[in-house]
Amino acid sequence: MPDWSYHTFFKPVLFRMKPETSRNFTLQLMNTLARLPLGDKVINFFGHMQPPAELEQNIAGIRFPSPVGISGALDPNLKGTSAYSNLGFGFIEVGPISIEPCKTQRPIVRDTDEETLWYQYLQSNIGLVEALGKLQKIKRTVPMGVAIKGETEKELLQLAKKLNGYADFFIVDHTAANHIEKLRSMTVKSVFLEVTHDQLDVNKYKDLNMDGFLIREGVQKDGGVELGKSELVTLKNCIQQLLPFEKPIIASGGVHEPSDAMELFRSGASLIQLHSGFVFSGPGLPKRINERYVYKITSDTKQNTNGWLSFFLMGLGVFLAGIIALFIGLTEVLLPYDEAFLRMKSEEIIAYNHHLFHFMSHDRICLAGVMISAGFMFMQLSYHGIRKGEHWARKAFVIAAAVGFLNLFYFIGFGYFDKLHFLYYLIIFPFFIYGLYRTRNMTIGSGGTNLHNSNSWRKSQLGQSMFVISGMCLLSAGIVISIIGMNGVFVPEDLMFFSLTPEQITAFNEKLIPLIAHDRAGFGGALISEGFLLLTIALWGYREGAKWIWWTLAIGGLPGFLTGVGTHFMIGYDNHFHLSPAYLLFVFYMVGLVYSYPYLCGRKELSMSFNQYKAKKV
C-alpha cells in the first residue's frame, strides 16, 4: 500500500471507519499479503521501499539497515508485524508485552484536521501467550526490539526468558530500572531504557547499566496520551537532556514528514520510530525519510555509472527503428521479404480489399509509435537515471528491455521469420548485454530532496496513481492484443471495418492471416514492454524536483497516443467503441501530467509543509 494508493483510494475509506477498525483492517491486510507466496516481492515491486545500503549502521552491537523504525504501540495486537520489513523500516518494535493481556476501556480518538491520535494509555497488549504464538509465525528480516512490562522482577525476568529468542534488543520502562542488572545477567541482548516526556529524571539514570534510551511517544492530555507533530518539541528537549550519557537514543513519535525526522537526527537521535505519522502520512513515509537521509549523506558523492552509454545507445536504436518503421508503415507497408512470404504484391491486396491493406498498415504504424515512445523512455532512463547511479532506473530498463526482446520468438507460433526485426535485435542486443554487465554492481537505493507533506506532494499522489493505472492499462492491453494475435487475430470491429470473414481472407491468401497475426502479436509484445516502462517509472521514479521524470512521461507518451489513435482516423477506422480504451487512457495521462507537474517541476516555495500552506492561505 504505497502512498499513491493509500492517499488516493484507501485513506478516504479507512478514515470513515473507527480508528481501531481501520488500523486492524489495514495491518491485517498488509500482513496477509506479506505472508502469501511471493507476497513480499509484490509489495517490493509496487513500493520499491528497500532501504539503501548507505543507511546501514551498527548501534549497540546491532546492525540496523535503516534508522527508521515502527512503534510497537501502533500495533498492540501484532497484526502487521510481518509486513513492516517490506516498507523500508530498519527495525521493528513489538510490545509492550506483559504476562497477562492489557486492554484499554476507551476508544482511540482520531483528529484528521490536527493529525493527532489520542489513546487512554499505550500499554495495551495481547499478553505473553498470544504474543508468543504470533511471534513464532514472523519471518524476521530486520532487527526487532521487544518492550517488556513486568509488575515485579520475577515477571520481568520471565518475560525476558520467554521472548529472548525473538528479540534483538529489549526495552524496559523506567519503573523497572532497578531490575536492569538482573536482566542483563540472564541475556546477552542489548537493553534500552524507556523514558517519557513527563517523567524524565536524568539523575536516576547515571548508575544504570543500559545500552541506550527510547523516548516513548505521546504527551499527557485529557486523562490520556496524545500523539502528533506537537511531540517534536518535547522530544528534542528530552534528547538534549540525554545526550551527556553518550548512549544511543531512539526517539519515538512526532514524525509526520521527512523534515521532522531530520530535525530529530540533527538534535542527536540515533534512531527514530513512527506512530501517528505512519497513519496520517502513509506507509511511504519511511521510504521518503530514507531517501532524504541518503541525499543528505551522499549529496557530494560522484555517482556516475559505467555502462549507461551502452544502454543509451540501445534506446537510441529502438527510437530510430521506430522512426524507420513509421516511415515504412506510412508508405510501402510491406517490404520485399513480406511480399515474398505472401507470394503476392501490395497492389494485389489493395485491389482485393483496400481496407484490409490499410488495416495492416495501421498495425505497423501503431507498433512504430510504441517503439518511438519506448526508445525515448529507454534513453531518458539511461541518461538521467542509470548515469547517476539510480538502481531503480536500471531495474526498470532491464525488465522492459527483456520483455521486448522476447517478441522475436513470436515467429515460432506463426512460421513467419521477420528478417528486419531479427537484424534490428542483432544490432541492439549486444549494447543491452554490455550495459547489463557494466552496471551489475549498482547499489540499491536512491536519494530524494523531499522534506514536507506539501500541497504539491499531496496532489502528486493522484497524479502518480493515474500514471500507475495507465501503465497497468498499457500492460493489460499488450497482453490482450498478444493473445488476440495468437488466437482469433481479429476482433468484431476489425471484421466490420474491412467487411470480410477470416475464411474469405484465408481463401484469398492462406499466409495473409499468419502475417497479420505476427504483426498483431508483435505490437502487443511491444505494448507490454512500454507498459512496463511507464508502470515502473511511475512506481519507482517519483521524486520531488525530478523534472526529467515529468518530461519522460509527457513526451514519451505522445508518439504512442498519436499513432495509436491518429492512424485509426487516417484509414477511416473511427469506431469510437473500439477506441474508447485509448480515450480513457488519454484522460488518465492528462490528469497525471497536470497533478504531477507542481511536485516534479514546481518551484521550491511550493515545497512548504501543508500546515504552512494552510496558514499562508488563512
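All residue numbers in this chain count up from 1 along the given sequence.
Aromatic pair His7/Phe280: ring centres not closer than 6.0 Å. Between Phe405 and Phe432, the distance separating the two ring centers is shorter than 6.0 angstrom.
Between Arg520 and Asp494 a salt bridge is recorded (basic side-chain N to carboxylate O distance below 4.0 Å).
Judged by the 6.0 Å and 45° rule, Arg288 forms a cation-pi pair with Trp457. A cation-pi geometry, defined here as NZ or CZ lying under 6.0 Å from the six-membered ring centre and within 45° of its normal, holds between Arg387 and Tyr383.
Residue Trp4 holds its CH2 atom at 7.0 Å from CD1 of Ile469, rounded to the nearest 0.5 Å. Taking CZ of Arg292 as the reference point, atom NZ of Lys296 lies at 9.0 Å (rounded to 0.5 Å). Interatomic distance, NZ of Lys547 versus NE2 of His384, reported as 12.0 Å (0.5 Å rounding). A distance of 11.5 Å separates CD in Gln50 from OG in Ser66, rounded to the nearest 0.5 Å.
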- Please walk me through it: do Phe10 and Phe25 pass ring pair (Phe, Tyr, Trp, His ring centres under 6.0 Å)? CA-CA 11 Å; Phe10 294 105; Phe25 172 78; 8.3 Å; no
- Task: Kindly indicate, with the supporting measurements, whether the criterion side-chain hydrogen bond (donor to acceptor under 3.5 Å, both in side chains) is fulfilled by His256 and Ser276.
- Result: CA-CA 7 Å; His256 282 222; Ser276 56; 2.8 Å; yes
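With no hydrogens or angles considered, no side-chain donor-acceptor pair links Glu217 and Gln273 at under 3.5 Å.
Scanning all heavy atoms of the two residues, the minimum distance from Val565 to Ala582 falls at CG2-CB, 3.9 Å.
Taking a 6.0 Å sphere around CZ of Phe577, one finds it holds 12 or fewer heavy atoms contributed by other residues, nucleotides or ligands.
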